[in-house]
Amino acid sequence: MPEQAEGGRSPAGVDVEVLVIGAGVTGLYQLYRAREDGFSTVLLEAGEGVGGTWYWNRYPEARFDSESYTYAYVFSKEMFCEWEWSEQFASQPEIERYFQRFVEHFDLASLIRFGTKVTSVEWDTRTSTWTVTAADGRTWVARYVVAATGMLSYPYIPEVEGREDFCGESHHTGLWPAEGVDVTGKRVAVVGTGSSGVQVIPPIAAEAAELVVYQRTPNWCTPLNNAPITPEEQEALRNDFEQIQRTLNTSATGFLCPPPERLSSEDTPEERQAFYESMWNSPGFAKLLANYKDLLSDPEVNREWCDFIAAKIRGIVRDPETAERLIPKDHRYGEKRPPFVTGYFEVFNEPHVSLVSLADTPMVRITETGIETTDGHREFDVIVWATGFDYGTGQLRRLGVRGVDGVALEDRWADGPLTYLGVQTHGFPNFFFPGGPHGASANVPRYNTDQVDYVADLLAAMREQGYDVVDVPEELEQTFTGMIDQMSRHIPFTKISYFFGSNIPGKPVRNLLNPGGRPMLFKFIEDLRAEGYASLQLSRSAEVATR
Ligand SMILES: Cc1cc2nc3c(=O)[nH]c(=O)nc-3n(C[C@H](O)[C@H](O)[C@H](O)COP(=O)(O)OP(=O)(O)OC[C@H]3O[C@@H](n4cnc5c(N)ncnc54)[C@H](O)[C@@H]3O)c2cc1C
């Protein structure tokens with residue numbers, strides 16, 4: 001059953017010009033841009049509400065690790081000044097409300113179809129259109145498809161024998177039920193201690209009768225140092241909007257934090273300890289972004305900072321064995337995405353909380369009543385899987401995308417993603433995926449909205465030039481992907497992070513981020529704009545050509 005979009009008139013032969021998939025921070029902005037630029041448009045979303053990450057991850061204490069006002073949109077002064085974040089690092093319910101307000105403020109609701117899971121996206125070379133099909137059989141014929149399906153949006157649960165046998169409740173943090181999970185007085189297992197696990201563990205410990213944390217490997221966790229935003233700070237944010245906007249739109253990391261200037265060697269050992277103390281007490285990502293300039297490049301500096309964190313952990317966790325297990329031994333700081341915590345290490349001093357290291361005693365199977373490791377069996381009422389996501393390509397490879405000659409996207413990317421600017425891939429004309437692989441390595445919404453602006457500007461420029469089909473020449477894609485691979489070889493780290501897909505068995509180990517970050521993206525976009533996008537393969541669809 002074909003659908004007609006409400007976002008303006010569409011040319012003959014298509015239901016909609018710009019079809020967006022995904023109502024997260026990326027897709028909503030793409031929808032807004034398409035509508036503003038005068039394209040007919042519609043957004044399809046599998047969930048029943050907006051927010052993407054912040055719609056699905058409803059677990060207690062799910063919250064930003066980016067400062068709230070740096071994560072939110074900065075293109076509209078009106079919206080920026082209207083919305084008051086209550087905390088430096090807001091929690092999920094407030095974030096979800098923000099995105100709902102965004103839709104209301106810009107009157108986008110009529111363009112969004114909730115409960116619409118896209119199952120196939122097929123290119124028709126004859127008409128230069130995409131046919132997009134939803135799980136319930138509805139179809140749309142679109143000129144352009146923008147899959148803003150998220151990089152951390154396909155939840156991953158390891159294949160442990162007997163997982164389906166468990167008779168209690170079990171939940172993945174990324175698919176947390178809207179009605180919540182009552183753990184009061186219950187025996188709870190949390191599997192995984194990544195960014196989500198370390199957020200959800202303290203609130204569960206506060207309610208549960210017993211909590212066992214199953215840890216594969218520990219991460220370098222440091223305090224989030226959240227705080228309410230005072231009325232004076234709210235006022236300052238509004239007054240400083242232009243400067244905040246400028247910094248967020250141009251800085252390499254997409255954060256406000258200025259890049260570090262000091263080398264560790266400029267300080268004495270005592271000064272370095274005092275500096276690390278100030279870092280420990282700094283908010284969120286400042287510990288990575290405002291630390292010594294040589295933190296990531298000099299292993300000795302990194303080791304000193306890690307030693308400092310390890311000493312903090314030993315100072316907080318009373319049981320020395322537990323403390324040792326919580327200290328990473330397999331990676332340096334920044335090698336994996338650093339999680340930020342509030343009261344995390346402290347919970348291991350509670351008598352009803354214990355830690356099982358799966359490195360020492362691997363999981364054997366899930367039973368009807370609990371979890372068995374090589375050390376024995378424990379019974380639980382609830383199992384929480386905080387085991388992360390199939391990063392970068394998880395959703396895209398499952399979207400049923402078929403390009404020119406019916407080539408499947410997942411086959412073309414069998415050895416890892418091939419992209420140009422992390423937004424297009426050769427042989428899939430008019431198909432874009434901002435926020436996908438080869439994307440942001442810092443404050444995600446900033447990078448993703450750069451990509452959205454690129455796509456939107458490209459479509460507008462093509463319309464002006466009389467084109468409506470764009471593909472990426474294979475050589476361009478090879479150049480970009482080659483640069484990513486080349487730069488990745490020089491990263492002074494191992495490849496154990498999920499940024500390389502290493503958490504998913506069988507997934508090719510390839511860098512799924514753009515190590516050149518925003519500066520590299522800006523440079524490519526600037527060059528393309530300057531040459532009027534001439535390096536891309538621009539053409540006219542049959543329908544336009546015969547008009
Ligand atoms: C718990 C958590 C905390 C995070 N905190 C931060 C942070 O503090 N700072 C930061 O920079 N980043 C953070 N991130 C990364 C986060 O993913 C991005 O910031 C951002 O949400 C990505 O937005 P997006 O719109 O690209 O994708 P998403 O927000 O993931 O939205 C994608 C949407 O696409 C929909 N979708 C997918 N497939 C289909 C389909 N087949 N059919 C229809 N709809 C589909 C999904 O339902 C989803 O709503 C966090 C991620 C997680 C999981």
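We count ligands from 1, going down the list as the structure has it; atoms in each ligand are counted the same way.
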Proximity to ligand 1 by part of [X], non-hydrogen separation under 4.0 Å:
X: Tyr55; value: neither
X: Leu399; value: side chain
X: Asp65; value: both
X: Phe114; value: neither
X: Thr119; value: neither
X: Leu28; value: neither

cation_pi(Arg398, Tyr154) dist<6.0 Å, angle<=45: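 Cation-pi check for Arg398 and Tyr154: passes.
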Please verify whether a non-hydrogen atom of [X] lies at under 4.0 Å from ligand 1.
X: Gly174; answer: no
X: Ala62; answer: no
X: Tyr59; answer: yes

Say whether Thr425 and Arg412, considering side chains only, have a donor N or O and an acceptor N or O under 3.5 Å apart.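 Yes.
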Taking atom types as modelled, is there a side-chain donor on Asp453 or Tyr29 under 3.5 Å from an acceptor on the other?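 On atom types as modelled, these side chains qualify, holding a pair under 3.5 Å.
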Under 3.5 Å: donor-acceptor pair, side chain of Gln92, backbone of Tyr55: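 No.
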After noting the C-alpha distance and the side-chain angles of Lys507 and Thr393, does the key distance pass the side-chain hydrogen bond (donor to acceptor under 3.5 Å, both in side chains) rule? CA-CA 10 Å; Lys507 191 165 171 165; Thr393 51; 3.0 Å; yes
Does NZ belonging to Lys293 count more than 12 external heavy atoms closer than 6.0 Å?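 No, the 6.0 Å shell around NZ holds no more than 12 heavy atoms from other groups.
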Rounded to the nearest 0.5 Å, how far does CH2 of Trp176 lie from CZ of Arg58?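 These two atoms lie 12.5 Å from each other.
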Under 3.5 Å between some N or O of ligand 1 and some N or O of Ile21?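 It does not: no N or O of Ile21 is found under 3.5 Å from an N or O of ligand 1.
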Nitrogen or oxygen of Glu45 less than 3.5 angstrom from that of ligand 1: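 Yes, at least one N or O pair falls under 3.5 Å.
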Protein heavy-atom partner closest to atom 52 (C) of ligand 1 - residue, atom, separation in Å: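 Of the protein heavy atoms, Thr53 CG2, 3.4 Å lies nearest.
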